[in-house]
Amino acid sequence: MFEALLITQPESGYRCELTQLDEAQLPASGDVTVRVDCSTINYKDGLAITGKSPVVRSFPMVPGIDFAGSVTQSDHPKWKAGDRVLLNGFGVGETHWGGLSQMARVKGDWLVALPDTLSERDAMSLGTAGYTAMLCVQALQKHWADAGVAATGRPQEADYLKSLGAASVIDRNDLSAPGKPLQKERWIGVVDSVGSHTLANACASTRYGGAVAACGLAQGMDLPASVAPFILRGITLYGIDSVMAPMAQREAAWDALAKTINREQLASITTEIALPDAIAAGSQILAGQVRGRLVVKLKA
Ligand SMILES: NC(=O)c1ccc[n+]([C@@H]2O[C@H](COP(=O)([O-])OP(=O)(O)OC[C@H]3O[C@@H](n4cnc5c(N)ncnc54)[C@H](OP(=O)(O)O)[C@@H]3O)[C@@H](O)[C@H]2O)c1
């Protein structure tokens with residue numbers, strides 16, 4: 001038996017609770033069994049745990065869109081017992097049982113070898129957020145010339161963001177209201193996890209020949225923009241999807257993270273929580289109350 005979060009849809013609504021499962025209950029469609037060491041709480045996990053948005057598409061469901069751990073059994077040619085692996089996306093935690101569980105059974109084709117220099121905890125401190133951020137950086141690399149502006153709705157965190165590398169910090173309200181189609185050129189590259197007017201304004205303020213990588217919708221799904229920045233400034237808008245990204249792109253992103261990440265700094269922004277606390281953390285991340293990264297420790 002092992003512990004997991006389980007989401008069910010009883011007649012009275014939607015429930016996420018800590019439960020005990022048997023290995024025999026793990027999805028038969030997987031060909032690799034993994035002892036999960038760590039998982040994490042992403043915005044999408046918050047949506048799944050609370051049921052605020054219909055990201056879970058079959059019930060019962062174990063949430064958790066990512067995890068790191070060790071293979072215990074494999075019918076897949078690439079993996080054998082003892083291999084250290086990580087997983088991001090592929091519908092895990094949405095349509096296939098996920099990582100907020102001490103054991104998981106998934107398709108071997110979805111797994112990435114955990115880079116030697118990263119611990120399971122490091123990998124989940126980075127999590128899908130860090131991996132997606134690296135996909136954005138790699139998309140922008142041929143445009144990127146300088147680094148530096150971070151936008152936040154929490155101005156009290158400006159020093160914290162500067163300690164992580166932001167040269168300057170702006171109020172996110174500067175970007176979140178409807179703006180002109182073409183604005184003062186402010187940056188050469190943007191990673192946007194917000195969407196809506198913020199993404200439109202980010203494009204309108206990108207310097208000639210620069211680029212924007214769009215990966216999220218924290219403000220909204222809409223994109224109230226014009227073609228002006230594209231046809232008058234030649235900017236590029238990259239769409240970034242971490243969930244179904246091809247394996248070569250995943251491996252390149254994790255390789256770059258393993259080579260570039262400052263592990264001390266990563267540890268300093270990480271808070272470790274236990275599995276039962278993941279339920280409350282799901283609501284907290286949606287309420288914007290989480291700072292840094294939450295790692296859910298699963299290995300007993
Ligand atoms: N494309 C992909 O494959 C992919 C992968 C991972 C995540 N995502 C998406 O990326 C987004 C962020 O995910 P996450 O896990 O990084 O969540 P997160 O840790 O909660 O970060 C979201 C941040 O966005 C800011 N924010 C929230 N509401 C906002 C608003 N109305 N306007 C402007 N900024 C706002 C907040 O920053 P401040 O408090 O500092 O202002 C918040 O901390 C989500 O939409 C998620 O679905 C997409």
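Atoms within a ligand are numbered from 1 in the order they appear, just like the ligands themselves.
- Ser101 meets the side-chain contact (heavy atoms from CB on, under 4.5 Å) test with Phe2, Ala4, Val62; sequence neighbours excluded.
- Linking Ile, Leu, Val, Met, Phe, Trp and Tyr residues whenever their side-chain heavy atoms come within less than 4.5 Å leaves Ile240 and Leu217 in two separate clusters.
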Could you give the N/O to N/O pairs under 3.5 Å linking ligand 1 and the protein, each with its distance?
residue: ligand 1; atom: 1 (N); partner: Cys215; partner atom: O; Å: 2.8
residue: ligand 1; atom: 1 (N); partner: Ile240; partner atom: O; Å: 2.8
residue: ligand 1; atom: 3 (O); partner: Ser242; partner atom: N; Å: 2.7
residue: ligand 1; atom: 3 (O); partner: Ser242; partner atom: OG; Å: 2.7
residue: ligand 1; atom: 8 (N); partner: Cys215; partner atom: O; Å: 3.3
residue: ligand 1; atom: 15 (O); partner: Tyr43; partner atom: N; Å: 3.0
residue: ligand 1; atom: 26 (N); partner: Arg172; partner atom: NH1; Å: 3.2
residue: ligand 1; atom: 39 (O); partner: Arg154; partner atom: NE; Å: 2.8
residue: ligand 1; atom: 39 (O); partner: Arg154; partner atom: NH2; Å: 3.2
residue: ligand 1; atom: 40 (O); partner: Thr152; partner atom: OG1; Å: 2.5
residue: ligand 1; atom: 41 (O); partner: Gly153; partner atom: N; Å: 2.5
residue: ligand 1; atom: 41 (O); partner: Arg172; partner atom: NH1; Å: 2.5
residue: ligand 1; atom: 43 (O); partner: Arg154; partner atom: NH2; Å: 3.3
residue: ligand 1; atom: 45 (O); partner: Leu217; partner atom: N; Å: 2.9

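- Residues passing the side-chain contact (heavy atoms from CB on, under 4.5 Å) test with Thr72, sequence neighbours excluded: Thr33, Arg35, Met103.
- Distance alone, capped at 3.5 Å, is enough to place a donor-acceptor pair between the Asp192 side chain and the Gly195 backbone.
- Cation-pi check for Arg250 over Tyr131 is not met; the charged atom does not lie both under 6.0 angstrom from the ring centroid and within 45 degrees of its normal.
- Under the rule for a ring-ring contact (aromatic ring centres under 6.0 Å, His included), the partners of Phe90 that lie at least two apart in sequence or sit in another chain are Trp110.
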